[in-house]
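Note that ligands are numbered from 1 as they come in the structure, with each ligand's atoms numbered from 1 the same way.
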Amino acid sequence: MIRRSALAALVALTIGGAAACTDSGQADEGFGPGAAGIGDPYFPTYGNGGYDVKDYALVLRYDPGSDRLEGTATITATATQNLSRFNLDFRGPEVSAVTVDGAAAAEQKREADELVVTPAAGLRKDSTFTTVVTYGGVPQPITSPELGTGGWLATPTGAIALGQPESASSWYPVNDHPRDKATFALEMTVPNGTSALSNGAPGEKTEKDGWTTWRWRESAPMASYLSTVVIGDFRVTTGSHQGKPIVTAVDNTLAKDSNADKAMARTGEVADFLATQFGPYPFDAYGGVVVVDNRIRYALETQSRPVYSDSFFSSSTSEWVVAHELAHQWFGDSVSIGAWRDIWLNEGFATYAEWLWAEHDEGVPVRTSFDRAYETIRWEDPTFDPGTSGLFGNSVYIRGGLTVHALREEVGDDSFFRILKEWTAQKRNANATTEEFIALAERISGKPLREFLMAWLTSKTPPPKPGD
Ligand SMILES: [Zn+2]
């Protein structure tokens with residue numbers, strides 16, 4: 001992301017031989033409820049324990065006239081323990097039915113921002129199970145005094161679902177934490193003439209009785225905050241880039257051939273440049289969506305198709321924001337954090353990509369960007385483990401970029417770019433930590449770097465500039 005301003009009760013029903021609790025009994029086998037949070041120290045209720053989602057398949061209909069969203073979410077998951085009951089994060093509209101493996105849930109109830117499901121039979125560890133949630137109503141945004149407004153936002157012509165660190169739970173039931181990445185498919189039915197843009201490759205678009213169904217499939221595992229849907233009146237451009245689909249869209253209230261259109265048209269070029277720095281582009285589609293909405297004053301790296309506020313495109317040299325969000329396709333989207341305290345692994349590299357792009361496109365040396373940024377930092381604020389209030393602060397972004405460049409000067413270009421490319425290859429579609437990054441940098445460079453990097457990430461006084 002970048003902001004514009006800155007920058008059981010176990011129900012032991014036994015049905016034939018399929019029951020999980022016939023032999024020694026579920027209690028003996030340690031069946032129990034999954035945790036209500038995945039274990040992130042910053043956000044104890046985010047995500048859930050007891051299972052690992054493989055795929056979300058959403059079949060939804062949205063009526064911009066009534067703001068009503070309705071349909072089903074099919075969630076395929078594997079139990080990571082003997083599970084008597086599990087939670088999904090869900091702040092969306094009313095749930096009318098829940099089934100697990102085709103059988104109606106013994107109980108489903110809403111508790112705060114969670115949907116708590118007790119399946120008719122316990123779920124054995126390592127078994128794959130499918131949950132279908134049917135729901136409908138008017139979704140609401142997620143508002144946090146510290147983190148702003150995100151989630152489902154109704155607009156005059158549609159809706160935008162967007163936000164970090166949470167947004168997905170406002171419109172579908174989800175294990176809402178980047179530690180549980182899953183593939184994602186969306187079928188969104190909207191009135192004819194309205195666009196519905198989402199992640200991944202486009203599928204067949206069909207029309208029936210005045211409604212159009214748009215289909216999207218993200219085939220690489222995705223952190224839930226990177227899922228999006230943008231519904232409304234858009235200029236949609238569809239093409240092919242590097243043999244993959246590229247879909248960009250610009251709000252139709254912006255003049256044709258606006259700066260936003262021109263920046264979106266450079267999406268493939270920016271991605272190709274970043275691939276020379278970071279390794280192969282990690283996903284099977286490209287794109288971007290420009291929205292006009294005064295509640296969204298940021299851009300977010302939603303997977304394969306970032307969403308940008310139009311406010312970034314007031315000048316003709318705004319591709320830096322495209323470089324930032326596309327860099328996240330490697331750093332954040334393909335290689336995802338497993339805990340929010342590591343967010344500099346996303347934002348530090350995305351900031352660094354802005355500097356690389358400025359050098360490539362405008363001839364501003366990276367070292368010049370580094371020297372300028374070095375003067376702006378409040379060194380009291382740490383980059384690693386910044387706390388929830390520092391999650392989107394300058395230290396995460398700019399000091400993160402400084403750290404990346406300091407590493408480059410310390411180990412030299414050859415080792416540096418090998419570290420980046422090996423990192424994005426080894427951790428592709430996975431989760432990563434700061435510790436793992438340091439270990440890889442040490443291995444490839446052959447240098448002890450822990451103290452050096454931790455000083456750049458956490459020292460309260462400025463580390464000496466390289467070469468000084
Ligand atoms: Zn960012």
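Contact annotation: Glu325 places no N, O or S atom under 2.8 Å from the Zn ion (ligand 1). Between the Zn ion (ligand 1) and Thr351 there is no N/O/S contact shorter than 2.8 Å.
Under the side chain to side chain donor-acceptor pair (under 3.5 Å) criterion, Asp261 pairs with Arg235, Ser258, sequence neighbours left out.
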Can I get a per-line list of side-chain donor-acceptor pairs under 3.5 Å for residues 273-292, giving both atom names and the distance, sequence neighbours left out?
from, atom 1, to, atom 2, distance (Å)
Thr276, OG1, Phe273, O, 2.5
Tyr281, OH, Ala285, O, 2.8
Asp284, OD2, Ser219, OG, 2.6

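Using a 4.0 Å cut-off between charged side-chain N and carboxylate O, Arg305 and Glu218 make no salt bridge.
Taking the Zn ion (ligand 1) as the apex, the angle formed with NE2 of His324 and O of Met1 is 100°, to the nearest 10 degrees.
When you scan the N, O or S atoms of Glu347 for the one nearest the Zn ion (ligand 1), you land on OE1.
For the ring-ring contact (aromatic ring centres under 6.0 Å, His included) criterion with Phe437, the lone passing option out of Phe331, Trp423, Phe384 is Trp423.
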